[in-house]
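Only this structure's heavy atoms are used, side chains among them; waters, hydrogens and symmetry mates stay out.
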Amino acid sequence: MEIVNCGVKKSIIFVIIFLMVLGAYCFYIFKSTNILNLNSKIDFIKVDKSERKLYAYSANKLIKVYNIALGKNPKGAKHFQGDNKTPEGEYHINARNPNSIAYKNLGISYPNNNDIANSKRFGKPTGGDIKIHGMMNGLGFIGRFHTCFDWTNGCIAVTNSEMEELFKHIKIGTTIKIVP
């Protein structure tokens, strides 16, 4: 009789833990976040790699903070193509692509002159195609959980809904500063 009760207790504990985890997941995925006003204009972006945050500013005022994922090898500045690092420095948004392999993207003007000189010291190509983008097409269901690890090849990733918002409010020429 005692063995049966022990098994029932374990099952009840498992169900309770499962429901708690499921509840936390739903809260995390579906909790409301502040949505930018339609008239908001993001005119400066700061990416803090160590905090895994993208800060959006309008007229020198912080208007929103986004959680991000970075390149698979995030520590340190990008040195050359294929190092899976996210660059560090000051750049500009130089492209807008609504039809990329990820859910939309905003191009970053990497490489700058310092990046080119740095990659020459390594004797390797500088690379390019650094973007702010949403999830890879077909993987949008992962949502915010993508920020649990760094998975890009050097880009800055946000959720698809966040990318939609950034795409609407950021124009070509916007300054982006990426700090360690």
I68 CD1 to T159 OG1 distance, which is reported to the nearest 0.5 Å:
12.5 Å
Evaluate salt bridge (charged side-chain N to carboxylate O under 4.0 Å, His left out) for K171 paired with D43, printing each intermediate quantity in order.
CA-CA 8 Å; K171 304 296 180 216; D43 55 21; over 6 Å; no
Does any non-hydrogen side-chain atom of E165 lie less than 4.5 Å from one of Y66?
yes
Looking at G154, is its backbone amide N or carbonyl O close enough to the side chain of N84 to form a donor-acceptor pair, meaning the two atoms are under 3.5 Å apart?
no
Test side-chain hydrogen bond (donor to acceptor under 3.5 Å, both in side chains) applied to Y91 and T174, T175, D115, the passing residue:
D115
Could you walk me through whether E88 and K49 pass the salt bridge (charged side-chain N to carboxylate O under 4.0 Å, His left out) test, one step at a time?
CA-CA 9 Å; E88 295 171 0; K49 289 172 51 174; 3.0 Å; yes
Does any N or O in the side chain of K168 come within less than 3.5 Å of the main-chain N or O of M163, such that one atom is a donor and the other an acceptor?
no
Nearest-0.5 Å distance that lies between atom OG in S109 and atom CD1 in I130
11.0 Å
When clusters are formed by joining ILVMFWY residues with side-chain heavy atoms under 4.5 Å apart, either directly or through shared neighbours, do F149 and I132 land in the same one?
no
Checking H169 side chain against S40 main chain: does a donor-acceptor pair fall under 3.5 Å?
yes
OH of Y110 to OG1 of T86: how many Å apart, nearest 0.5 Å?
10.5 Å
Nearest 0.5 Å, what's the CG-OG1 distance between N114 and T126?
11.5 Å
So do the side chains of I45 and I178 get within less than 4.5 Å of each other, counting heavy atoms only?
no
Heavy-atom distance under 4.5 Å between the side chains of E164 and Y103, does that happen here?
yes
Would you say H92 and I176 make side-chain contact, with heavy atoms under 4.5 Å?
no
Rounded to the nearest 0.5 Å, what separation is found between the CD atom of E162 and the CE atom of M135?
10.5 Å
Hydrophobic cluster membership, L139 vs I101, 4.5 Å side-chain cutoff:
yes
Side-chain heavy atoms of I172 within contact of L106, under 4.5 Å
no
Hey, which of K131, K72, Q81 is the one that makes side-chain hydrogen bond (donor to acceptor under 3.5 Å, both in side chains) with N153?
K72
Can you label the angle between the H79 ring and the F122 ring as parallel, tilted or perpendicular, going by 30° and 60°?
tilted
Side-chain heavy atoms of H133 within contact of T152, under 4.5 Å
yes
Roughly how far, to the nearest 0.5 Å, is the CD1 atom of I170 from the NZ atom of K41?
11.5 Å
Would S50 and D48 count as a side chain to side chain donor-acceptor pair (under 3.5 Å) if you check the C-alpha gap in whole Å, the side-chain angles of each, and the deciding distance to 0.1 Å?
CA-CA 6 Å; S50 63; D48 189 312; 2.8 Å; yes
T147 backbone acceptor or donor facing R52 side chain under 3.5 Å
no
side-chain hydrogen bond (donor to acceptor under 3.5 Å, both in side chains) partner of N67, chosen from H146, K53, R144:
K53
Side-chain heavy-atom pair P74, D150 within 4.5 angstrom cut-off
yes
Side chain to side chain, L36 and I63, heavy atoms closer than 4.5 Å:
yes
